[in-house]
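Written below as structure tokens is the structure these notes are about.
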Amino acid sequence: MEYDFTRIEEDWKKFWADEKVYAVTEDADKPKYYVLDMFPYPSGAGLHVGHPLGYVASDIYARYKRLKGFNVLHPMGYDAFGLPAEQYAIETGTHPAQTTEKAIATFRSQMDKIGFSYDWNRQVKTCDPSYYKWTQWIFLKLFNSWYNRENDRAESILSLIEIFETSGCNTDWKQYDALQHPPFTADDWTNFSPKQKERILQCYRLAYRSFTEVNWCEALGCVLANDEVKDGKSERGGHPVTRKKMRQWSLRITEYADRLLEGLTRIDWSESIKEQQRNWIGRSEGCLLEFKVDRLGLRIDREFAIEVFTTRVDTLFGVTFLVIAPEHEFLQQLTTKEQQPEMDSYLTYVKSRSDVERQQEKKVTGCFTGSYAVHPFTGEKVPIWTAEYVLAGYGTGAIMAVPADDERDRKFAEKFGLPIIEIIDKSMHPGATIEDKVGQMINSRFLDGMEVTDAIETMTKRVEEIGIGKRQVNYKLRDASFSRQRYWGEPFPIKYVVHGQPDSPFVDESENDEADIPVALNESELPLLLPEVEDFKPTGDGRSPLAKNEEWVNNNYETDIMPGYAGSSWYFLRYTDPHNTDKFAGIDKLNYWQNVDIYFGGAEHAVGHLLYSRFFTKVLFDLKEIMFDEPFKKMVNQGMIQGVSKYVYRIFITEYSLMLNKDISNENIFISKDLLISIDSDKDMRQSDAWQLFTDKIKEITTREIDSFNINYTVQPVRVDVSFVENDVLNEDLFRVWRHENSGAIFIRNSEDKILCASEVEKMSKSKYNVVNPDDVIAKYGADCFRMFEMFLGPLEQSKPWDDKGINGVFNFLKKFWRLFYDDKGWRVTDAEPTLAEYKVLHKTIKKIADDIERLNFNTCISALMIAVNELQTLKCNSSKILQPLVVTMAPFAPFVTEELWHKLGNLDSVHASGFPTVEEKYLVEDSHTYGVSINGKVRAEITLPKDITADAAKAQVLAMEQVQKWTAGAEPKKFIFVPGKIVNVVV
RNA sequence: GCCGUGGUGGUGGAACUGGUAGACACGCAGGACUUAAAAUCCUGUUCGCCCUAAAGCGAGUGCGGGUUCGAUUCCCGCCCGCGGUACCA
């Protein structure tokens, strides 16, 4: 009986669905295990062969854990809100909901073919009101919470109000930040208007609204998050992005900076992702310093100081100038009359520079303000400059420049002729760079002679004593932008108190503007449904399409929507209880399933999704909604599967003669790659067989005599669809019908009468004609083969090109496996007692598979199964006592064929609900070992010795060997090494 | 530049804590079965040297050193690929 994968896969797909084999419920008797795949965005293009790599791996893992007796939660759903469907809506008018549903249907049918063990009853979609009701609910939690730094956790905003009511807000309060609002007393608070109160509360809420510099993308008509911007352009579409001040929602993730860092030490993620998160958070310990400004000639009448942040206080004696950002709030006050014209033109220049320009050409530019600060120790006058290399958004927006010990400061000083004072002697550290914190202090008074690290400590203490500075920790991390001026996303459950005009996103904040006081809806009003709009274009003036809906505007609802990560930052919680209407997930379900044990996903979300999910989790933990503070305990990043693009060589041939260069033909002529290489390598002699073949073909085309030495040619590689190429050989018929200009193509084939193609590894994409659809692979080889081949391709975490060279190896294996059960005459399995050798093969394999799955080495699992089948075939094994456990061992990898055989072996339940076989070590113990015998570390011979042989006995036997005698010449070796079970090494 | 990660036959890759480098597969070559093809099975396949075979010798895990009886694995210094990130004070 033949291995008929099509029939087998159809049958069992149906069986699994009918019998609900993959449905899970909470079961207190079994340990839980949560296996999760990263949330896919259902794109219209469907899955290509690269997408399911992680899904196959997680499915194998989930099935294995199930067989091992765990109660496994393995769900799948869709991150269904998003830009592509909306862009499509703008272009075609099709509602994004429709586009999304269609894409989801495609995804689902593709996934079903691959045979995943998802519990589809738990599927979630972020665009479903029953889901986004809870996204909105979580937003309300964020809105109604603040971060209490005393307790180091988020709390209800009510506890803050209570503090304000009883003690007001003092300058010495840990939470107080002078930049946000002035201090006030409890009485003040009581007398504040609701509007004033709300303005202050906005400075503390975890979700708040403020004017912030945002990444405005004119082309998309919307604001982008930092991680959606790459090189000054939008990640999606590559449109230019500019900085703009805009009123919008933000999440106060910065309060969690330290806890997000700390949590990284407790989770099992790849080093590279953890490092990326650390860099993104960008914690740096340093010192906040005051430089008093010399007021001479300035329009300032009181004591005045500039604050700078530095991580290198030790270099204070090397400061020769200060630099403030062009956006610095004191810049105008510090600019003297004489410098004003120059400053104005400099600021005009700075404004004209786009972010892209600033990043690409790092020019050294700057302008002197005309004023000076006073060095706190030397009392010398230090000029104050402004320059675009100092960023307003980081630290205090001002730096103390130390040209001797900072690359940028040095360049600046050199360009503008500012003094440089050497303060660190690095002569003891020849390899050290300017950035390294090593060396001895010089020219630094009381620091002289100290090592850098000691000097930092000494100086910090000194600065704190005299009260001109204090220790400070700074972060690169910014609060997360949470507004999008778009349609296809979650509406905010927010109304505004408005007297008159609705607020405009771009006007500057003015005290009289009451339009921006947000009021949260009640929980009972959720979900606030996304309304219909006439068209999906943003208004263009910075408002979303929702601003075109009359009812929406009349109710003064927020017109922005939430960003993509709103829904995807908590979806893993919803899977535990997806149909709950009273809660985002019931506490008993959350208690049972807890956080994700293993998360399979791409590394591309390192600082987006993965950071926001951790943040949401920590907030919900603080608010006692969940009992864990990290979402994903362990993470595996599957590599990307790249495409292999194929090219045929088009050749343009001319005949060189004394008269002119004659075009031989303007037809499409294509040449086999190997032939082209051969003729290229023999351009001078033109004697080879290749040239003979080539010339003959040209004669045939032109139907006349031609001398090979008169042939000139040029070549152009042309992309062809990968489906026309098998093992580098072009299918000429498919190629001809692909495009009609190809119909008359002429082929110059190689000696085997074939056209070989060239290939190149690139990203898999439609435009490169290198997309491989899993459906096609499955139609040809079956899903089991597809799954196993994806794993066989190499280590999961490594990126690799899809090349179906080799897939027939896996297909052959499956057929071979099948033939252990069926031969020409039919079913061949008996219940005969297996031989010892057969038992040994089985248990060796069980052990290897279990170990390798645990270590996520799926590629070697496939090899191990191949070895097992090869060996059992050689042993002519037909015993069910061997073959049945083997079927179970292989079930996670090839769920269909194993299910078929499991039932043919007489079982009624699903193989996937059985148990993973246990290893019986007794079959694995060996009583002898074959040693490699090394002479001076080089293996020269082999010897088989008993397991328990003594070193002396081994030595005697080894030295007696003929091959060894040859090297020792009978003499006593210098050294004899015997490692039992490992190796013998003779040193002569 | 910085951070992370990788570099092994013609190809994908294997080698778990230093212990027989190249498992398993692809491809290729040869053979068996067959009228033939497909399918299947068997043999060989790191490179070089010796006419061939057996046997052997030499080289060999990006490059150069080191530690060790022994290094793909550990240490030092470089080169290259991939991913991330960058006037972050």
Side-chain angles (χ1 to χ4, degrees), chain A residues 2 230-231 270-276 278-280 282-284 286-287 308-312 315 323 358-359 362-364 387-391 393-402 405-409 411-412 431 433 435 474-477 603-604 606-607 637 639-640 642 727-728 789 792-795 797-801 803-810 812-813 815-816 819 824 848 851-852 855 857 859-867 870 873 930-943 963 966 973-979 981-988:
Chain A
E2 284 287 297
K230 292 266 176 317
D231 302 324
S270 73
E271 205 39 55
S272 85
I273 289 209
K274 289 208 249 183
E275 199 55 30
Q276 277 179 58
R278 283 189 201 108
N279 291 340
W280 192 260
R283 180 191 156 100
S284 55
C287 193
V308 301
F309 174 73
T310 179
T311 54
R312 297 294 304 271
T315 63
V323 189
R358 268 176 91 154
Q359 275 171 18
K362 283 166 193 165
K363 290 190 201 155
V364 181
E388 58 178 337
Y389 83 87
V390 175
L391 307 175
Y394 185 75
T396 61
I399 62 155
M400 57 176 222
V402 184
D405 207 54
D406 183 284
E407 196 61 46
R408 296 150 316 170
D409 295 349
K411 280 189 187 145
F412 196 82
T433 65
E435 312 294 336
N474 250 326
Y475 301 92
K476 252 177 7 186
L477 185 72
E604 67 273 15
V607 290
N637 308 117
M640 265 212 309
Q642 294 134 315
N727 284 336
D728 286 345
F789 182 59
F792 191 59
L793 231 35
E797 307 214 349
Q798 204 170 292
S799 285
K800 54 236 156 184
D803 201 336
D804 41 15
K805 260 193 255 166
I807 193 167
N808 51 37
V810 175
N812 286 344
F813 156 75
K815 285 189 286 188
K816 232 189 248 185
R819 280 198 302 275
D824 306 340
K848 172 85 175 151
D851 285 354
D852 282 358
R855 282 187 287 142
N857 289 346
N859 54 330
T860 49
C861 288
I862 312 296
S863 305
L865 289 168
M866 286 174 170
I867 293 169
N870 286 346
Q873 183 185 258
T930 303
Y931 290 88
V933 179
S934 302
I935 312 290
N936 293 334
K938 186 95 193 162
V939 179
R940 300 287 175 183
E942 271 184 0
I943 188 169
Q963 297 100 309
K966 211 169 96 186
K974 274 197 199 134
K975 206 161 179 180
F976 183 86
I977 287 128
F978 175 72
V979 185
K982 298 276 187 194
I983 202 172
V984 177
N985 191 9
V986 184
V987 185
V988 291

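Naming: A, B, ... by sequence-line order, numbering from 1 per chain. Just so it is clear, the structure is predicted and the values come from calculations on it, not from any experiment. In what follows, every heavy atom counts, from backbone to side chain, and hydrogens, waters and symmetry copies are set aside.
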Options [options], nucleotide nearest the side-chain atoms of [X]:
X        : options                : value
A:Gln276 : B:rC87, B:rG84, B:rA14 : B:rG84
A:Thr311 : B:rC24, B:rA89, B:rC3  : B:rA89
A:Tyr394 : B:rC87, B:rC41, B:rA89 : B:rA89
A:Val390 : B:rC88, B:rC3, B:rA89  : B:rA89
A:Ser272 : B:rC26, B:rC3, B:rG4   : B:rG4
A:Met866 : B:rC24, B:rC88, B:rC41 : B:rC24
A:Arg940 : B:rG58, B:rG13, B:rG4  : B:rG58

Would you mind reading off the distance between [X] atom [atom1] and [N] atom [atom2], rounded to a whole angstrom?
X        : N      : atom1 : atom2 : answer
A:Asn936 : B:rG58 : CG    : C1'   : 15 Å
A:Phe813 : B:rU40 : CZ    : C1'   : 17 Å
A:Ile807 : B:rA25 : CD1   : P     : 16 Å

So A:Tyr931 and A:Phe978, would you call those rings parallel, tilted or perpendicular, with 30° and 60° as cut-offs?
-> tilted

If you measure from the [atom1] atom in [N] to the same atom in [M], how many Å do you get, rounded?
N      : M      : atom1 : result
B:rU52 : B:rG60 : P     : 24 Å
B:rU61 : B:rG7  : C1'   : 9 Å
B:rA71 : B:rA21 : C1'   : 11 Å
B:rG48 : B:rU11 : P     : 14 Å
B:rG66 : B:rG56 : P     : 31 Å
B:rC26 : B:rC79 : C1'   : 31 Å
B:rA38 : B:rA32 : P     : 15 Å
B:rA39 : B:rU46 : C1'   : 31 Å

Between [N] and [X], is there an OP1 or OP2 to side-chain N/O distance shorter than 4.0 Å?
X        : N      : value
A:Arg819 : B:rA39 : no
A:Lys975 : B:rC69 : yes
A:Gln798 : B:rG13 : yes
A:Asn812 : B:rC26 : yes
A:Arg408 : B:rC88 : yes
A:Lys815 : B:rU40 : yes

Between A:Ser284 and A:Ser799, name the one whose nearest nucleotide on RNA chain B is closer to the 5' end.
-> A:Ser799

Closest-nucleotide ordering on RNA chain B, the 5'-leading residue of A:Tyr475 and A:Lys800 |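 Between the two, 5'-proximity favours A:Lys800.
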
A:Asp405 and A:Arg312: side-chain contact (heavy atoms from CB on, under 4.5 Å), yes or no, with the steps?
-> CA-CA 9 Å; A:Asp405 207 54; A:Arg312 297 294 304 271; 3.2 Å; yes

Show your working on side-chain contact (heavy atoms from CB on, under 4.5 Å) between A:Ile935 and A:Gln963 and close with a plain yes or no.
-> CA-CA 10 Å; A:Ile935 312 290; A:Gln963 297 100 309; over 6 Å; no

For A:Asp409, answer base if it contacts any base atom (sugar-phosphate contacts may also be present), sugar-phosphate if it contacts only those atoms, and nothing otherwise; contact means non-hydrogen atoms under 4.0 Å.
-> nothing

Less than 4.5 Å apart, any side-chain heavy atom of [X] and any of [Y]?
X        : Y        : value
A:Lys816 : A:Asn870 : yes
A:Ile399 : A:Asp409 : yes
A:Met866 : A:Phe792 : yes

May I ask you to decide if A:Asn279's main-chain N or O and A:Lys476's side chain share a donor-acceptor pair within less than 3.5 Å?
->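 Yes, because the side chain of A:Lys476 sits within donor-acceptor range (under 3.5 Å) of the backbone of A:Asn279.
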
Keeping the roles fixed (side chain from A:Asp804, backbone from A:Ile807), state whether a donor-acceptor pair exists under 3.5 Å.
->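 It does not hold such a pair.
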
Distance, nearest 0.5 Å, that separates CG of A:Asn985 from NZ of A:Lys938 =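 NZ of A:Lys938 is found 12.5 Å from CG of A:Asn985.
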
Hey, is B:rG9 sitting syn or anti, using the within-90° cutoff around 0?
-> syn

Salt bridge check: are A:Asp851 and A:Arg855 linked by an N-O gap of less than 4.0 Å?
-> no

For RNA chain B, what are the stems built from at least three Watson-Crick or G-U pairs in a row, each pair having both distances below 3.5 Å?
->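 So far as stems of 3 or more pairs are concerned, RNA chain B shows B:1-7 with B:79-85, B:10-12 with B:24-26, B:27-32 with B:40-45, B:46-49 with B:56-59, B:62-66 with B:74-78.
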
For each nucleotide in nucleotides 15-23 of chain B, reading 5' to 3', give B when a protein heavy atom comes within less than 4.0 Å of its base, S when such contact involves only the sugar-phosphate, and - otherwise.
-> -S--BBS-B

Could you pull out the closest heavy-atom pair between A:Cys861 and A:Asp852, with the gap in Å?
-> SG-CB, 3.5 Å

